[in-house]
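For clarity, every value in this text was computed on a predicted model and none was experimentally measured. We count residues from 1, following the sequence as given.
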Amino acid sequence: AREEQLYAKPEAPESITKLVGEALAARYGVILLDAAYSGMNAISPANTLILVGRPTLDDAMSLSEAYRVVAQKLTGQHSIGFGNMMTVLNMQQAGLLNASDFHASATKVAQDSGLTSFPHVAAEIPYDPRVMIAPSAGRFPLDASDEFARPIHTIGDLLFGTRVGSNNGR
């Protein structure tokens, strides 16, 4: 999305909010938005929230703030059930926070801002340089590494309730 779309008034024809509303009216099965929490109007009709960040203290603080904004600003407008909120840690590698430490840090920041909790870490996606190289070699990034693909499939399973990428149940 272009920056002007994120800041457009919700009723403006070029706004992300308007685009999402049109997709909902057209009965799209899935609408994914990769939006900063500044695009709050765009996510107001959402039924699931995935906070994606790197496993660092900086991102624990940033995602906690994003969660606070969502939790407090959308109160009264629309509510995403806590069970439909999750965190995904991207580019996980040795030396960074593990899921438990990241969640503890983000929860502490959330509690310091008046919230009672922070969404669980649903998946950790490892850093793998082969993923960035794959498209240049004409390959799909998920084919670059099983370690990379596995948590992506887990997220798909959580969102859609079916085994994504299964091969006849194997």
**Hydrophobic cluster partners of Leu96 (side-chain heavy atoms under 4.5 Å)** = none
**Prompt:** Does the pair Leu51 and Phe118 meet the rule for a side-chain contact (heavy atoms from CB on, under 4.5 Å), with working shown?
**Reply:** CA-CA 10 Å; Leu51 298 165; Phe118 183 81; 4.0 Å; yes
**Prompt:** Out of curiosity, Ile125 CD1 to Glu147 CD, how far, rounded to the nearest 0.5 Å?
**Reply:** 13.5 Å
**Gap separating the OG atom of Ser64 from the NE2 atom of His103, nearest 0.5 angstrom** = 9.5 Å
**Item:** Residues Leu49, Asn84; criterion side-chain contact (heavy atoms from CB on, under 4.5 Å); working and verdict
**Value:** CA-CA 6 Å; Leu49 176 68; Asn84 285 351; over 6 Å; no
On a heavy-atom basis, which atom in [X] and which in [Y] lie closest, and how many Å separate them?
X      : Y      : value
Asp101 : Asn98  : N-OD1, 2.7 Å
Leu158 : Met86  : CD1-SD, 4.1 Å
Pro141 : Ala134 : CA-CB, 4.0 Å
Phe102 : Pro55  : CD1-CA, 3.9 Å
Asp143 : Arg139 : O-NH2, 3.3 Å

For residues [X] and [Y]: do they belong to one hydrophobic cluster (side chain heavy atoms under 4.5 Å, members Ile, Leu, Val, Met, Phe, Trp, Tyr)?
X      : Y      : answer
Leu142 : Ile133 : no
Met61  : Met91  : no
Met85  : Leu115 : yes
Val52  : Ile155 : yes
Leu57  : Tyr127 : no

**Message:** Under the salt bridge (Lys or Arg N to Asp or Glu O under 4.0 Å) definition, can you give me all pairs with a residue in residues 119-129, not counting sequence neighbours?
**Reply:** Asp128-Arg130
**Asked** Is it true that a side-chain atom of Gln92 and a backbone atom of Leu97 form a donor plus acceptor pair closer than 3.5 Å?
**Response** yes
**Prompt:** Looking only at atom types and distance, does a side-chain atom of Ser136 sit under 3.5 Å from a main-chain N or O of Met132, one as donor and one as acceptor?
**Reply:** no
**Asked** Is any side-chain heavy atom of Thr48 less than 4.5 Å from a side-chain heavy atom of Leu159?
**Response** yes
**Asked** Do Pro151 and Pro126 have side-chain heavy atoms sitting under 4.5 Å apart?
**Response** yes
**Message:** Does Tyr67 form a side-chain contact (heavy atoms from CB on, under 4.5 Å) with Thr87? I'd like the steps, not just the answer.
**Reply:** CA-CA 10 Å; Tyr67 172 61; Thr87 304; over 6 Å; no
